[in-house]
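Notes follow once the structure below has been shown.
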Amino acid sequence: QDAKVTVAVAANMQYALKTLKTQFEKETGIQVEVILGSSGKLTQQIQEGAPFDVFISADTKYPLTLFQNKFATDSPKVYANGVLVLWSTKSDLKPEVNMQLLLMDKVKKIAIANPKTAPYGVAAVEILKRYKLYDKLQKKLVYGESITQTNQFIMSQSADIGFTAKSAVLSDEMLGKGTWVEIAHNGYSPIEQAAVLLKHGALNNKESSEKFYNFLYSKEAKKIYERFGYIVK
Amino acid sequence: MDLEPLWLTLQLAVVTTAILFFIGIPLANWLAYKKTKVKAIVEVLVSMPLVLPPSVIGFYLLLAFSPSQSFGKFLETHFDIRLVFSFPGLVIASVIYSLPFMVHPIQSGFAAVPESLREAAYSLGKTKWQTLIRVLLPNIKSSLLSAIVLTFAHTIGEFGVVLMIGGNIPGETKVASIAIFDEVESMNYASAGTYAFILFATSFIILLSVYLINHRLDRIKSI
Amino acid sequence: MDLEPLWLTLQLAVVTTAILFFIGIPLANWLAYKKTKVKAIVEVLVSMPLVLPPSVIGFYLLLAFSPSQSFGKFLETHFDIRLVFSFPGLVIASVIYSLPFMVHPIQSGFAAVPESLREAAYSLGKTKWQTLIRVLLPNIKSSLLSAIVLTFAHTIGEFGVVLMIGGNIPGETKVASIAIFDEVESMNYASAGTYAFILFATSFIILLSVYLINHRLDRIKSI
Amino acid sequence: MINCVLHKQLHAANGDMQLHVSFKLAPGDFISIYGPSGAGKTSIIRMLAGFLKPDDGEIHFEGETWFSHHQKIHLAPQKRNIGFVFQDYALFPNMTVRENLLFALQKNEPVDIIAELMQVTGLEQLSNRQVQALSGGQKQRLALARALVRKPKLLLLDEPLSAVDNAMRESLQTILKDIHIRYNLTTVLVSHDISEIIKLANRTLVIENGIIIKEGNPADIFFPEKPHNQLLVNGQITEIVKTENGQMASVLLPPQIIKVELAENEVDHFQKGDLVQVSHQKFNPTIKKIEP
Amino acid sequence: MINCVLHKQLHAANGDMQLHVSFKLAPGDFISIYGPSGAGKTSIIRMLAGFLKPDDGEIHFEGETWFSHHQKIHLAPQKRNIGFVFQDYALFPNMTVRENLLFALQKNEPVDIIAELMQVTGLEQLSNRQVQALSGGQKQRLALARALVRKPKLLLLDEPLSAVDNAMRESLQTILKDIHIRYNLTTVLVSHDISEIIKLANRTLVIENGIIIKEGNPADIFFPEKPHNQLLVNGQITEIVKTENGQMASVLLPPQIIKVELAENEVDHFQKGDLVQVSHQKFNPTIKKIEP
Ligand SMILES: Nc1ncnc2c1ncn2[C@@H]1O[C@H](COP(=O)(O)OP(=O)(O)OP(=O)(O)O)[C@@H](O)[C@H]1O
Ligand SMILES: Nc1ncnc2c1ncn2[C@@H]1O[C@H](COP(=O)(O)OP(=O)(O)OP(=O)(O)O)[C@@H](O)[C@H]1O
Ligand code: MOO
Ligand SMILES: [Mg+2]
Ligand SMILES: [Mg+2]
């Protein structure tokens, strides 16, 4: 009966997680139930008592808060570093490393994740500020509730271009759609993505939760992160 | 495609409608026949879910249900019940959210029954309860039908509140409206479209049937 | 605290109500007096936003508005208009979303005007338009009031649709209901509470006024 | 024996109106309440039934106190032993004729009364009819029968016959009269039909503006003049034609038209359509019964 | 000159009913339509007004074709030169008396007609009253005045006086008659009041089940018997008392009660409340006008 683990997953990890999940289920026979959302939203829900066993965040700050507020058993452990990309699916728009193209007239809307709740949004704002574009572009910004909604804005061309996770553009769903460019890693603070084992999991579902949590740091897992563009140290 | 969200939506709609049916009848009865000043206030409160943003309703429910707040804490420590992110929590939220859709049609139904019908039953020595069951309800069948169907359909459409207090847990709180949002976000337009189409078609058929049945009942009555 | 979302909500509600007023009157007029079979279908379509999940409405609007789809592309290439993430897009969405709240009360209002009043105007040589302006509308003031207020309040409450097509742009599409959701997600419960309270209080006062004014009008009429 | 003093402030069309009445009913009385629209007739019997609460006063019925402002008693309609017949019948549309009557039957009462009442009111054949399918007169009889199932001591009737046609009214009046005697009732009838009142009631209250302005035997109240030997009938001129001797008016006195010679000096005075009073001195009539 | 042939399938309470009528009106005619409820009276004048579209037939009015099934013509009510008076008055509640009349005035028509009509119908004093504050008779007069503002050639009246009391009816009938002559109208009156028809109309159509069953002069139609010299009046027995010679019945013949001696053998035959026919041979009456 305990052969199930409920995992709250930051939206950028959803593509990698599909593969992780298949692998883990095959190895252990334990079912993985995935709840997606922005890291901030999931953190809020966990604090309100959501019944999640493991939390895979897009940064270290949110899991740390949970640990400090006694919703997690251990301090958070980084599993990979995220990479930010600039992506467009419009045929007449080719993202460049030099971001001045964002100022062009034909770029009407730029999608980023909501910096209030999504670490990838924070990184995107940081990069725009670094290039002194933030104030000029503020009118063009639209905010996805999480990185998924951001992807959706770019994919449907509702936004002409946008900042998202590299894992997204490498995913099966989006592979080969539009063009993207990786943002220089020194342009933003490293997106150190960490996970924690939650109290709920430790209390109600110890064995499976721990198995899954440990699996996140296994060799096989690391290979999968790399395949989806994450940097693993 | 995962049919669980549709199944869950159906369960939620059935349970909510059933509960509201038993809350709605006495409440509508009271509103239709009382003439106190409290009535205006209660009438407004019943209508509030019509005009309040679901996020406002969701916010207050979140405060009420959260185990860190007094009511939620009380439930948690004394009964080991947690309403956020749970099906019972959704049911309570839906009951509040769909309340006006049950109460309003029944109230108009009661108001349309001639007063003399109630009084006739009283003059025959019948209690209010007997009068309600044997005389009033059988004579407002078409209002009851509207109320049930609207409540059912509106519960199917519940979204904002669920998003805030439901937490998208498969098999527990991931209802169809949330699943559609989710699928759209993950760009599975095909399955979003399938969910949406099923809900659209269901609502359309339900609503069309009510209109037609109501017209039929009206005609039968007028003959 | 940022008051812009509240201000934006107000603008959206005013514009939507104004537009719906001019759409709602002819539509309600048609529904109240036509007896064709098309009518039942139109009646159901008008009621659909009542029962469809906002996420379904939002999904279809997103498809329609997206510049990669035909309608959105057409607007973009010919008129340089993009409806997603824009205030005009929200207005269109709100108009669809709140349609039944404008049409239903006006329709019942028209239906309650005795047929002979219209016919009397016709027999005096007045056109349908003159009859509408000079006879029908002045005699359904209280229904018009209900319609306006309900539409206004319901637009304030719009959430799910805006969440899907709005993009949360401050000053453009970040209306109060979205702001509340946002604040709750980022755990700023205090400011979520403030927004929620303002909306709650506004809705309550608006609704209470309508009920009281309506009762007053009813009483005046009955004397 | 009913003894009542009633005071109620009513909200009439043209401002407030004080209803102030007091009257007594002896067992077996058939009293009628007569008066213009809005005088307060319905209000009075609604207070007797308990549907409307008086502002002040008392109602005593055979030793029971049904209402007393000072003692703060207001017995629910359910607990007053009354039968009430509504102007709009108020039959239960969801039930058949028989079901309407069965619904009225009190627990543990024998069911015989139903058959008896159906027979008295001539409804046996209609037992399983839905009430919508009844004619006006049949509905009226059912309403009456239903009010009697409980064997009330006090029967209250609010203009029960105003919506039925003449022939039906005749026969229902007869039924009403029989029932009043047969079940030993005290009956209060609101009516605006003087002929009906004279036929049925032994006493009349004439109400105006919430006050009893006259009270007594119906014939005395409505036709206080002494019987005399002259006949006056109102008619209408349908035609005026020239004859050898002057002019002749045809006067419509339903069911016939009579001819009246006009004197020379009267000719210009009359014209077609005029309402006229026909009089005839030294009148020596015979009468013949009209079978309904 | 109006010439019409009308056919319409109506959905009556007890199944469908075929309305099939054809009639002509000469200019200046005042015709009345009489018949039981549901016969199709209202339907006929609604078809004349253009509110209801016949299934087949024609309506020709002084050379204009208002309706023709074959030519597919159905003139809108706005384009027919009619005045229509509704049973429920259909006054505009959002306007005062004067505004109701002004609304009816056509563009560029002189406003004098308003004052004239207010004077003819006695509404001058009420010019600025809201219509809700009018009495039934005042409302009726206003409805009539409003229908005449347009100076229609054809005036259609649907039971216009059925809701007013007797005295008011009298005076409105007189106004109606004067107006008919003064404005040279052709008038069609739906009425179920025979006395009213006799007073006002020069021709009557009697309708039953959608068919004209009789047509002609009102007095001939309703009282086909020859005037004769016997008087029959219906009355009601209010009392029977013993006298020395036998029994004496008091018979109510409003406005009086007369006394009739009963023969020995008749005594058991009569009882209080009975309706009776009073007859008197060799009748030689005089008449006196009743001033309204
Ligand atoms: N519950 C009530 N409270 C106050 N006023 C009332 C109430 N019910 C009726 N009235 C008013 O009292 C007045 C008398 O009404 P009532 O129905 O007793 O008259 P009525 O004599 O029966 O007239 P009608 O012949 O038209 O039936 C009316 O003006 C009515 O508006
Ligand atoms: N538009 C319509 N289409 C079909 N049937 C109709 C229509 N209007 C009325 N009827 C039916 O036609 C029948 C005759 O109605 P109408 O109103 O002409 O009768 P009436 O002679 O005026 O009766 P009353 O004296 O009761 O006013 C009724 O049974 C009515 O239901
Ligand atoms: O994966 Mo996130 O938490 O939406 O940036
Ligand atoms: Mg009354
Ligand atoms: Mg009619």
Side-chain angles (χ1 to χ4, degrees), chain B residues 9 39-41 43-45 47-60 62-63 66 101 149-150 152-164 175-185 189 192-193 195-197 199-200 202-208 210-212 215, chain C residues 9 39-41 43-45 47-60 62-63 101 149-150 152-161 163-164 175-185 189 192-193 195-200 202-212 215:
Chain B
T9 299
K39 183 189 142 171
I41 308 278
E43 231 172 345
V44 170
L45 285 178
S47 300
M48 287 301 281
L50 270 183
V51 301
L52 274 185
S55 51
V56 171
I57 303 178
F59 172 70
Y60 286 120
L62 193 66
L63 285 192
S66 163
F101 287 79
V149 171
L150 283 176
F152 191 87
H154 197 239
T155 306
I156 288 180
E158 184 171 342
F159 170 72
V161 180
V162 181
L163 191 64
M164 278 182 94
V175 294
S177 57
I178 299 288
I180 292 171
F181 180 67
D182 221 43
E183 298 294 345
V184 171
E185 282 206 341
Y189 285 178
Y195 282 130
F197 176 77
L199 287 190
F200 182 88
T202 316
S203 303
F204 188 87
I205 290 169
I206 289 179
L207 221 56
L208 192 64
V210 185
Y211 276 93
L212 294 179
H215 284 188
Chain C
T9 297
K39 184 188 142 169
I41 308 278
E43 231 171 347
V44 169
L45 284 179
S47 301
M48 286 303 281
L50 270 182
V51 300
L52 275 185
S55 52
V56 171
I57 303 178
F59 173 65
Y60 285 118
L62 192 71
L63 288 190
F101 287 78
V149 170
L150 282 176
F152 190 88
H154 197 240
T155 307
I156 288 180
E158 185 171 341
F159 168 74
V161 181
L163 188 67
M164 278 187 97
V175 294
S177 57
I178 297 290
I180 293 171
F181 181 64
D182 217 44
E183 300 295 343
V184 168
E185 282 201 345
Y189 285 180
Y195 284 129
F197 177 76
I198 294 176
L199 288 189
F200 183 88
T202 316
S203 303
F204 188 85
I205 290 168
I206 290 179
L207 219 58
L208 191 63
S209 322
V210 185
Y211 274 94
L212 293 179
H215 283 188

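Chain identifiers are assigned alphabetically (A, B, ...) following the order of the sequence lines, protein sequences preceding nucleic acid strands; residue numbering begins at 1 within each chain.
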Checklist entry - Taking every heavy-atom pair that is under 4.5 Å apart, which of C:Gly58, C:Ala179, C:Gly193, C:Ala176 has the most such pairs with chain B? => result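 The residue among C:Gly58, C:Ala179, C:Gly193, C:Ala176 with the greatest pair count is C:Gly193.
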Checklist entry - Would you call the rings of C:Phe181 and C:Phe159 parallel, tilted or perpendicular, where under 30° means parallel and over 60° means perpendicular? => result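 If you compare the ring of C:Phe181 with that of C:Phe159, the planes turn out perpendicular.
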Checklist entry - Once the angle between the rings of B:Phe101 and B:His154 is folded into 0 to 90°, is it parallel (under 30°), tilted (30 to 60°) or perpendicular (over 60°)? => result parallel
Item to check | Structural part of B:Phe197 lying under 4.5 Å from a heavy atom of chain C | outcome: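 For B:Phe197, heavy atoms of backbone and side chain both lie under 4.5 Å from chain C.
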Checklist entry - Would a distance-only check, ignoring hydrogens and angles, find a side-chain to backbone donor-acceptor pair under 3.5 Å from C:Ser177 to B:Pro53? => result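 Looks like no, no N/O pair under 3.5 Å.
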Item to check | Choice from B:Ile178, B:Ile156, B:Thr155, B:Leu52 maximising heavy atom contacts with chain C below 4.5 Å | outcome: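 Maximum pair count with chain C is reached by B:Leu52.
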Next on the checklist: Using a 4.5 angstrom heavy-atom cutoff, name the option from B:Phe59, B:Phe200, B:Phe152 with the most pairs to chain C.
Outcome noted: B:Phe59
Item to check | Atom of C:Val184, atom of B:Met164 and distance for their closest heavy-atom approach | outcome: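 So the two residues come closest at CG2-CE, 3.3 Å.
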Next on the checklist: Please report the interatomic distance CD(C:Glu183) to OG(B:Ser55), rounded to the nearest 0.5 Å.
Outcome noted: 11.0 Å
Checklist entry - Tell me, side chain or backbone of C:Leu63 under 4.5 Å from chain B's heavy atoms, or both, or neither? => result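 Only the side chain of C:Leu63 comes within 4.5 Å of chain B.
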